[in-house]
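Below is one structure, written out as structure tokens, with a few remarks after it.
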Amino acid sequence: MAKITVEQERCKGCGICIAFCPKKVIQLSKNLNPKGFFPAELINEKECTGCAICALMCPDVAIEVYRQEREKK
Amino acid sequence: MKKVFERPKSLTDVHFTYCAGCTHGMIHRMVAETIDELKIQDRTIGVSPVGCSVFAYEFFNFDMVAASHGRAPAVATGLKRSLPECIIFTYQGDGDLAAIGTAEIVHAATRGENITVIFVNNAIYGMTGGQMAPTTLIGQKTETTPFGRDARAHGYPIRIAEMLATLEGSSYIVRTSTHNPQNVRKTKLAVKKAFENQLNNKNFNLVEILSTCPSNWGLDSIQSLKWLEENMIPYFPLGEFKNI
């Protein structure tokens, strides 16, 4: 279980996260943000692995990544 | 769920003024993360240049000085010599460092100043509207070379990293890129090493980072990353040129 959050006001919709996402679970939103861009959003939380490649490549540092902690045996 | 990636504390909440897809933002993040990891936020002073990154003092959450065009290494020299316990770095583009500031950077390197230079090379003047820079590739179309850069008329692109690596005073000179996740990670390691060298009182450190300019190249953000890989890397080879 993992997910990303994209800060909608900060995103400029450049699409770099979408191009590099290995699971292809990010797309551009249909709604404009206050800057006038279509921001990126996560579309399939089940498939997201939290690899953080999107956040690594995001030029606006708009992505935060969350991952489920492993249970200690 | 546990947060595994967030904005570094050394970045303010101000939104970047860069165009969509410009890799300046990635490089800002890597510098800020490095400063967080080395726990030197309270004693770091950055020198911002003239160019697209002129507002770097708004984005970094530590002390910054704005230098006049190309003079960042000279200002950094003064800061480091008067405040030797502080960590001083300059953040410069290719118009700033490789054109008007060539004398400053060459002499800062040859004096072996203990500073870190982050040199962002995108082969064009960004802020002023896409004119030819000293690093513009042969054949590349810009506002001032509408038929492509011609070596007979405009000379050849300058390779700063190779040039500075020949100087005795430099200790770490490396060229990296931002066109894919692997190279972004390598860039982060190089930036960190350049700051660690300064903490270890080595000489001059420079990281040249190949970057994109989607607006002035006339490409979208993904095409720009591809253009960088296919056109810039053959002329500006990646790698360490000096590490002592």
Side-chain angles (χ1 to χ4, degrees), chain A residues 1-29 31-42 44-72, chain B residues 1-33 36 52-53 59-61 120 122 177-189 209 211-215 219-226 228-229:
Chain A
M1 274 289 283
K3 68 165 184 177
I4 62 163
T5 58
V6 182
E7 207 180 317
Q8 299 289 299
E9 293 80 33
R10 205 181 282 279
C11 176
K12 293 183 186 137
C14 69
I16 291 181
C17 53
I18 298 170
F20 284 98
C21 176
K23 295 282 180 185
K24 303 291 171 207
V25 293
I26 312 172
Q27 71 170 22
L28 290 186
S29 165
N31 304 314
L32 286 168
N33 71 5
K35 280 202 182 89
F37 295 108
F38 293 102
E41 61 182 10
L42 180 65
N44 189 349
E45 203 173 306
K46 280 182 191 152
E47 289 285 309
C48 178
T49 60
C51 67
I53 286 176
C54 51
L56 189 77
M57 294 301 286
C58 177
D60 284 284
V61 204
I63 300 179
E64 287 189 339
V65 184
Y66 298 83
R67 229 178 270 159
Q68 191 86 45
E69 279 181 276
R70 282 201 191 131
E71 285 173 29
K72 282 175 189 152
Chain B
M1 277 191 266
K2 191 185 169 197
K3 199 186 274 186
V4 293
F5 195 106
E6 61 181 339
R7 276 178 82 82
K9 293 190 173 47
S10 291
L11 282 182
T12 61
D13 273 339
V14 178
H15 291 195
F16 292 147
T17 48
Y18 305 116
C19 307
C22 170
T23 51
H24 259 307
M26 286 182 210
I27 301 166
H28 278 27
R29 174 184 60 75
M30 289 185 268
V31 170
E33 277 181 355
D36 283 359
C52 293
S53 46
F59 309 139
F60 286 123
N61 193 10
V120 180
N122 61 4
S177 171
T178 51
H179 68 277
N180 61 22
Q182 180 197 10
N183 282 282
V184 170
R185 283 191 204 279
K186 281 185 185 169
T187 303
K188 170 74 192 300
L189 293 176
I209 305 170
S211 171
T212 63
C213 187
S215 296
L219 301 169
D220 74 21
S221 43
I222 313 298
Q223 289 167 337
S224 309
L225 295 172
K226 207 165 173 205
L228 189 166
E229 185 179 9

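None of the values given here were measured: they were computed from a predicted structure. Lettering of chains follows the sequences in order, A, B, ..., and the numbering in each one begins at 1.
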Acceptor/donor pairs from residues 32-42 of chain A side chains to any protein atom, 3.5 angstrom cut, sequence neighbours excluded:
{"from": "A/N33", "atom 1": "OD1", "to": "A/K35", "atom 2": "N", "distance (Å)": "3.0"}
{"from": "A/N33", "atom 1": "OD1", "to": "A/G36", "atom 2": "N", "distance (Å)": "3.1"}
{"from": "A/N33", "atom 1": "OD1", "to": "A/F37", "atom 2": "N", "distance (Å)": "2.9"}
{"from": "A/N33", "atom 1": "ND2", "to": "A/Q8", "atom 2": "O", "distance (Å)": "2.8"}
{"from": "A/N33", "atom 1": "ND2", "to": "A/C11", "atom 2": "O", "distance (Å)": "2.8"}
{"from": "A/K35", "atom 1": "NZ", "to": "A/E9", "atom 2": "O", "distance (Å)": "3.0"}
{"from": "A/K35", "atom 1": "NZ", "to": "B/H15", "atom 2": "ND1", "distance (Å)": "2.8"}

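When side chains are defined from C-beta on, B/E6 counts as touching A/E64, because their heavy atoms get closer than 4.5 Å. Considering only heavy atoms from C-beta on, B/Y18 stays 4.5 Å or farther from A/P59 through its side chain. Side-chain atoms of B/V4 and A/E69, non-hydrogen and from C-beta on, never get closer than 4.5 Å to each other. Within the 4.5 Å cutoff, side-chain heavy atoms of B/P8 are placed close to those of A/V61.
Residue A/I53 touches chain B through its side chain alone, counting heavy-atom pairs closer than 4.5 Å. In this structure, the portion of B/T17 lying under 4.5 Å from any heavy atom of chain A is its backbone and not its side chain. Neither the backbone nor the side chain of A/I4 comes within contact range of chain B, judged by heavy atoms closer than 4.5 Å.
With sequence neighbours excluded, no residue forms a salt bridge (Lys or Arg N to Asp or Glu O under 4.0 Å) with A/K3.
Contact count against chain A (heavy-atom pairs under 4.5 Å) is highest for B/P181 among B/A32, B/G25, B/G21, B/P181. The choice from B/L11, B/L225, B/I27, B/N180 that makes the most heavy-atom pairs within less than 4.5 Å of chain A is B/N180.
If you take OG1 on B/T23 and CE on A/M57, they are separated by 8.5 Å, rounding to the nearest 0.5 Å. From B/T212, atom OG1 reaches atom CD1 of A/I16 across 6.5 Å, with rounding to the nearest 0.5 Å. With values rounded to the nearest 0.5 angstrom, A/D60 atom CG is found 8.5 Å from B/R7 atom CZ. Here the straight-line distance linking atom CD1 of B/I222 with atom SG of A/C14 works out to 6.5 Å at 0.5 Å rounding. The structure places OG1 of A/T5 at 7.5 Å from NZ of B/K3, a figure rounded to the nearest 0.5 Å.
The main-chain N or O of B/F5 is never found under 3.5 Å from a side-chain atom of A/R67 such that the two would form a donor-acceptor pair. Without hydrogens or angle criteria, A/R10 side chain to B/D13 main chain gives a donor-acceptor distance under 3.5 Å.
The environment of NZ in B/K9 is sparse: at most 12 heavy-atom neighbours from other residues, nucleotides or ligands sit within 6.0 Å.
For the residue pair B/F16 and A/K12, the shortest heavy atom distance occurs at O-NZ, 2.9 Å.
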